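Reviewing the structure listed below.
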Amino acid sequence: MKVFWIFAHPESRSVNASLRDAGVRTLHELGHECQVSDLYAMGWTPVVRANDYRHDPSERLYVAAASKQAYVTGALSEDIQAEQEKLEWADALIVQFPLWWYGMPAILKGWFDRVFVKGFAYGVIDSETGKTRRYGEGKLTGKRAMVVLTAGAPAPTLGPRGINGELNALLFPLQHGTLWYAGMSVLPPFLVPGADRVSEEKYASAVNALRERLVALPDAAPIAFRYQNGGDYDDDLVLREDHARGRTGLAVHSPDPAPVQPSET
Ligand SMILES: Cc1cc2nc3c(=O)[nH]c(=O)nc-3n(C[C@H](O)[C@H](O)[C@H](O)COP(=O)(O)OP(=O)(O)OC[C@H]3O[C@@H](n4cnc5c(N)ncnc54)[C@H](O)[C@@H]3O)c2cc1C
């Protein structure tokens with residue numbers, strides 16, 4: 001497999017960087033190819049600007065339209081094109097970060113803002129049906145994705161009744177709203193909880209658990225998010241009454257009645 005590993009942590013001696021190095025070593029041992037984008041080390045620019053699209057600054061900027069125009073004409077800035085090429089090359093994407101304020105570090109959010117442009121990751125129209133291809137369908141369909149994250153919070157507090165919110169609910173914007181939206185199959189996340197205090201034993205166990213998840217990367221069952229165009233939603237894209245009857249909230253977008261449990265060390 002070809003694996004593209006996106007990494008967002010500012011410190012090369014962090015537990016995150018150690019886990020990334022261990023993960024990349026494992027992938028090579030397993031015979032996979034791997035490319036890494038270490039966003040801080042690359043000095044990645046996380047903010048969208050008109051010159052990403054070679055847009056005339058005197059003209060009003062419509063971000064989605066300008067990004068699509070630049071994408072189809074090959075005018076996107078070189079750093080964005082380089083990341084898109086890595087993604088096109090890959091069979092699987094690993095997105096690794098420390099949980100910061102219930103989400104990704106800003107540099108990583110800005111990677112998605114700038115790389116996932118219209119025509120590439122969204123706004124892809126099916127020429128036969130005229131429907132927008134998203135939520136399970138899109139240009140990135142066929143690729144796998146897995147979130148690898150550390151959190152200061154202990155595991156129970158990220159469980160179904162934990163004060164920090166259930167992990168898959170916290171990751172809904174990334175896993176469902178971005179990766180699945182763009183058509184990728186999303187594997188259950190790999191979490192290292194309690195990551196501010198990591199003993200040698202705990203680190204060794206995290207490395208082993210990550211290794212198991214990387215061994216399973218080609219075959220593991222993805223989260224069973226519902227397809228937009230699979231019949232579960234009505235014409236307004238509201239879940240039909242006969243699915244997840246009586247339930248509301250983010251978890252209804254996967255047919256599994258119980259929240260998907262993360263890997264934990
Ligand atoms: C701005 C901000 C917002 C945050 N928001 C949240 C939040 O919303 N929810 C939440 O749960 N947490 C939150 N946190 C906590 C954050 O998720 C953790 O600090 C982070 O996950 C720890 O990972 P790290 O790589 O930065 O750890 P590091 O600080 O690099 O390391 C943690 C510990 O691991 C030890 N260690 C053991 N083995 C190794 C090894 N092989 N290599 C390196 N270090 C090792 C280190 O000595 C250290 O004690 C937040 C933190 C910040 C800074």
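Predicted, not measured: the structure shown is a model, and the values here were computed from it. Indexing begins at 1, ligand by ligand and atom by atom, following the structure's order.
The protein non-hydrogen atom at the shortest distance from atom 25 (O) of ligand 1 is Asn16 ND2, 2.8 Å. Counting protein heavy atoms only, atom 30 (O) of ligand 1 is closest to Val15 N, 2.9 Å.
Taking the six-membered ring where the residue is Trp, the centroids of Trp180 and Tyr227 are separated by under 6.0 Å.
Using a 30° and 60° split on the angle between ring planes, Phe172 and His253 fall in the tilted class, from 30° to 60°.
Heavy atoms of Asn164 come nearer than 4.0 angstrom to ligand 1 in no pair at all. Heavy atoms of Glu11 come nearer than 4.0 angstrom to ligand 1 in no pair at all.
At under 3.5 Å, a nitrogen or oxygen of Gly152, whether backbone or side chain, sits near a nitrogen or oxygen of ligand 1. Polar contact check, Arg197 against ligand 1: no nitrogen or oxygen pair lies under 3.5 Å apart. Considering backbone and side-chain atoms alike, Tyr102 places an N or O below 3.5 Å from some N or O of ligand 1.
For the pair Arg114 and Phe116, the NZ or CZ position fails the cation-pi test of under 6.0 Å to the six-membered ring centre and within 45 degrees of the ring normal. Annotation: cation-pi geometry satisfied between Arg20 and Phe7 (NZ/CZ under 6.0 angstrom from ring centroid, within 45° of ring axis).
The closest side-chain donor-acceptor pair between Ser37 and Lys86 falls under 3.5 angstrom.
Close contacts of ligand 1 with Ala153, meaning ligand atoms under 4.0 Å from a residue heavy atom, involve 10 (C), 11 (O). Each of the atoms 40 (C), 41 (N), 42 (N), 43 (C) of ligand 1 lies under 4.0 Å from some heavy atom of Ser18.
Between Gly103, Ala195, Pro105, Pro98, it is Ala195 that holds the heavy atom closest to atom 32 (C) of ligand 1.
Between Lys109 and Asp113, at least one side-chain N (NZ, or NE/NH1/NH2) sits under 4.0 Å from a carboxylate O, which counts as a salt bridge.
With Leu187 as the partner, the side chain to side chain contact (heavy atoms under 4.5 Å, CB included) test is satisfied by one option alone out of Leu217, Ile223, Ile94, Leu179: Leu217.
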